[in-house]
Amino acid sequence: MSLVTLPKSYSPSEHEPSVTARWESAGCFHAEPGGAGEPYSVFIPPPNVTAALHLGHALNNTLQDVLVRVARMRGRNTLWMPGTDHAGIATQSVVEKRLAQEGKRRTDFTREAFVERVQAWKNEYEAVILSQLRLMGASCDEARTRFTMDPVCTAAVREAFFRLFQDGLIERGKRLVNWDPVTQTALADDEVEMEEVDGHFWYLRYPLEDGSGHVTVATTRPETMLGDTAVAINPRDPRAPALRGKRVRLPIVGRIIPIVEDDYVVMPLALGGDPLDAKAQFATGFLKVTPAHDPNDWELGLRHGLEAITVMAPDASISDRHGWKDCSDEARPFCGMSREAARAAISQWFKANGLLEGVKPYRHSVGHSYRSHVPVEPYLSDQWYVKVTDPRLAHSALSAMADDQFDGVRPPTTRRLGDGGLRFFPARYARTYQQWHEGIRDWCISRQLWWGHRIPVWAKAFEPGATPAQGAWESKGASELRRTLSDGRIELFVCVPESRDQAIVPELVAQGYTQDPDVLDTWFSSALWPLSTLGWPVGARFSMEGMLDTFNPSAVLSTAREIITLWVSRMVMFNRYFMGGRLPFRHVFIHCVVQDGFGQKMSKSLGNGVDPRDIIATHGADAMRFVLTQISTATQDVRLPVDVLCPFTNQAFAPQTTTTSSGHVVAAPTQTCPTDPSKTMVSAFGAATGVAEPTRERPLARNTSARFDIGRNFANKLWNASRFALAQLPSDAPAPVSDSAVAPARLIDRWILSRLARSVSTINASLAEYQFNPIADALYDFVWRDFCDWYLEAIKPTVKSDPVQQAILRAVLDAILRLMHPVMPFVTETLWDPVRSIHRAKVTGLDLPLSELCATARWPEPAASLVDSAALAQFDTVQALVLAIRNLRGERKVNDRRKVVLHATSGALALVHAAAGVVETLAGLERVVGSSEPRPGTAVALAFMGEELFVSALVDQVDLGAERERLASVIVDRERAAGGFRGRLSNAGYLAKARPELVEETRRLLAQAEADADAAKRTLDALTASVGG
RNA sequence: GGGCGCUUAGCUCAGCGGCUAGAGCGCUGCCUUUACAUGGCAGAUGUCGCAGGUUCAAAUCCUGCAGCGCUCACCA
């Protein structure tokens, strides 16, 4: 291919689809257990099927793809497992929201019909997500794409649940859960968000039973008093002895409840309470105890054997139908009220009856559902728990940590498989992981939803003495759990493994057992992802033999900070538990957060996410990937100011913004064309949140961002550099120089090969540490600055006639395409064919085996011997000389085409000769002459490396005033520098303690600065003399 | 309240003991020279948040302070 056949600029949309098609037809992303090379696997964090991916996902997937593509090029047997997550509550919520727009509710459907609706949503968004991954060039093994509710994943969930059940690690508990009264399901602790709210403290008087007075309790939730079963006081409280054994009559309800003593109770300030404890300022010393509606009260209730009385319905309205037996006539009017209404009504009742001692405003944080955003109600209910506090799980997660990342001393134990093998990048996240496990609590896994993995447990309650014989179901292959109910009956739970479904379930149903209606927490199936996607435990059934042993553990999990506790932890515990200690992955890489232009995290729920397809449309996939790689730093989350692309004019503009009720700044749902106010459009935010529907007259406006311009320009630069290089290397050129490898002869060639080798070292070192920004910078510097700006410009006069240089140019270009490929796969694959087809000769120390596709080409590993330190140092000086001459030209505004003459002293002359024409080419020199040659009066002086050089033919007329000014400023600058070095060298401490080579270097720099200043001074004197003073 | 991070050029960010503190964008001037105007060449712009300390040497390490952000915990 020649220059003529490649267009002048790179147009991503013209090449991306065909490149994707070539990868697909080659099947080069498909991995098999028997494949060549050491296995390397990565599991994609399966995105939720709730919505399309945004740039945060694009960032994570780009970084994974970089790792995966490098591994593949290094000859590893590489698997990148793609897939999506059913995201129980999130997906059910979006579908329910959609139904609500039609005026329908979930309960208007049968469970099956509703699940079908969700399934349809899932199908739609799964397709969108997979197509987004393909568009951004993610080299996933598409044939192995998984969904967390696939039969193969379901099999893993069933097996895991059964084994944990059988091993006593799953239990049924009546405990306080975080209850979402809107979605009416239990939430895990981490699904609760704390939000600051303005509330009040109400001071309520509870009369003593014996009429001898009252106690005053302080509460933020008066409505829960209906369920109070005690009042607590600190045993150190001086009032405690007098009250010992006394009881109070609960207002409204009339319930007689005890006063108990517990040191959990905060003492009021007046009685010596801790002044640093905010509660002490508000405390009365008496605490109302509502075990059924407060987690701390629940604990306190357990300690004192108190009854827990639930006074609310699942929708958090006051109700006497959920375990509240002693509802009085006085209390009955409150039934049916919402929490908020009851709070007002009950405080009003206390006021009306003279029992309200006071009210104080109080700002505090209250748990809200991350899904429905209403306050979570601590609610007593029956749920399934995984006992992750059991050492078999919690301890295993901690012992997995790498020794040097574990904070503190760990107890000496016998090492087992996987111990000490888990490493975090950046290392500081190990602490997050460790602290979470040290404070871990049992994991509530049942969710009162319809979308998810149905809990495989069948239950029936029996009268005492009527229960089936112990182990009756176990003999058939199931597992049993018994529990005594509060009414004395025995509840029998039977957990059935999937393999015994047909044998046991019909019998259970016939005997009146019913399956638990709930589904499992989504993270239960996510926790099995590295196992379930590989066919555990039924690989043979799904023709996946060997997958598990080959690709588990994976190399690295790449994910976001908040996922450490939600997912990383649980994968480690489960993988280790089911696989004899084996880790799910060796490394955990935590990437930075992509924020919008206002510093807010991009999120699906806020609707401020940018669709990667928008960026691909305006800049191309490679541009997006390069910039995402470049902005991935270890400590800094990244802001991405987003513009709106007007669909009428195709011009980008900063959107008008609006502030949401939650205080977030977002693009307004509709935008107006800045150049034509009659035209309006719907922003991506408007469409994502459903606030504004795009129409023909008011179309959807895509997002874009100028941040991606660098990537687009870089892809184009690479394209044109390749185009130029190809023109120098015609395919009909003479045969290879020789069969033996070519070694560089010219300084410029030795330099570019050294720079290549150095760049590869930098990239490899950064890859090993998951530092992506330095990779992008190294590529950019090497390709743009070294290769394009210096090398290609320098070889223009010589390459056409120098076969050795041609071989080196081809090899360097070939290596560049390989190095760039993981970050910019499309443009490199497009250029690969023409580059690989031109004639080749081996270059010593740079082995680049032929390959059909760039995607499967060998990763360059230049020999260490390719780094020529002398060439690097000498070319540094060449660059300094070129820059000095260019600087002169720039100052004099010399036309680029005007050739000048350099009058060089011996040192500079030697340098120019060593560079063999490069200085002349890059500095625009007509010729270089010795300083003994006569020079014209228009010659301008140049202080360089302590020598006094002149440049002539620069200008026709020397402006003596300007010249004097310039020389004076050179002298000032050089003397200032010399002063700095002198100061350092006159410091005895520096001479004594700094590294000797550093001192030596400073001496050299001082000598040079002084010589430069002297040279400039001499020139200035001569100038003054020639003018005649 | 605990933990973590951030504060460097107008903007977005690198650098994290030692060359005269960098990049991209933006800005100024010159250049449409046959790879690239999505370009080339040159240039201007910084008391590295503030105050102490350690060191021969601090943007870089330590302490304190101020501001911003994330995260965990806590609803008397």
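Just so we're on the same page: letters track the sequence lines, and every chain starts at 1. Just the heavy atoms: all of them, side chains too, but no hydrogens, waters or symmetry mates, feed the values below.
Among B/C36, B/G43, B/U38, the nucleotide with an atom closest to any side-chain atom of A/Asn720 is B/C36. Listed nucleotides: B/C30, B/C31, B/C70. Nearest to the side chain of A/Arg561: B/C70. Of the candidate nucleotides B/A35, B/U38, B/C31, B/A35 has the atom nearest to the side chain of A/Lys717. Residue A/Tyr780 has its side chain nearest to B/G24 when only B/G40, B/A42, B/G24 are considered. Closest to the side chain of A/Arg441, from the set B/C74, B/A35, B/C30, is B/C74. Between B/U38, B/C4, B/A37, one nucleotide has an atom nearer to the side chain of A/Arg428 than all others, and that is B/C4.
Looking at A/Arg976, its side chain never comes within 3.5 Å of a backbone N or O of A/Ile971 through a donor-acceptor pair. Proximity of a side-chain donor or acceptor of A/Arg886 to a complementary backbone N or O of A/Ala923 within less than 3.5 Å is not detected. A/Arg221 places no side-chain N or O within 3.5 Å of a backbone atom of A/Asp294 that could act as its donor or acceptor partner.
Sparse packing is recorded around CD of A/Glu965, with 12 or fewer heavy atoms of other residues, nucleotides or ligands lying under 6.0 Å away.
What separates NE2 of A/His619 from C1' of B/G24 is a distance of 13 Å, to the nearest Å. B/G40 atom C1' lies 14 Å from atom CG of A/Leu883, rounded to whole Å. A/Tyr10 has its OH atom 19 Å from the P atom of B/C36, to the nearest Å. A straight line from CG of A/Asn713 to P of B/C36 spans 15 Å, rounded to a whole angstrom. Following rounding to the nearest Å, A/Ile440 (CD1) and B/A73 (C1') show an atom-to-atom distance of 15 Å. Atom CZ in A/Phe714 sits about 12 Å away from atom P in B/G40, given to the nearest Å. Atom CZ in A/Arg892 sits roughly 17 Å away from atom P in B/C31 (whole-Å rounding). Atom CD1 in A/Ile564 sits about 14 Å away from atom P in B/C4, given to the nearest Å.
Two residues are said to be in side-chain contact when any heavy atoms from C-beta on lie closer than 4.5 Å; A/Met225 and A/Tyr206 meet this criterion.
For B/G69, the paired base is B/C4 (Watson-Crick or G-U wobble, both distances below 3.5 Å). Pair check for B/C13 finds B/G22; Watson-Crick or G-U wobble, both atom distances under 3.5 Å. Across all strands shown, the partner of B/G43 is B/C27, judged by Watson-Crick or G-U wobble contacts whose two distances both fall under 3.5 Å.
With respect to A/Asp789 and A/Arg785, a salt bridge is recorded, a charged nitrogen being found less than 4.0 Å from a carboxylate O.
Note on A/Tyr264: a base of the nucleic acid sits closer than 4.0 angstrom, heavy atoms only. Among the protein residues, A/Val999 comes within range of no part of the nucleic acid, since none of its heavy atoms lies under 4.0 Å from any strand. A/Arg712 comes within contact range of at least one nucleobase, with a heavy-atom separation under 4.0 Å. Residue A/Asp896 is in base contact, counting any heavy-atom pair closer than 4.0 Å across all strands shown.
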Treat primed atoms plus P, OP1 and OP2 as sugar-phosphate and everything else as base, then score nucleotides 7-21 of chain B 5' to 3': B for base contact with protein heavy atoms under 4.0 Å, S for sugar-phosphate contact only, - for none. -----SSS---B-B-

Side chain to side chain donor-acceptor pair (under 3.5 Å) between A/Asn608 and A/Asp596: does it pass, once the steps are laid out? CA-CA 7 Å; A/Asn608 62 343; A/Asp596 63 16; 3.0 Å; yes

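Aromatic pair A/Trp179/A/His293: ring centres not closer than 6.0 Å.
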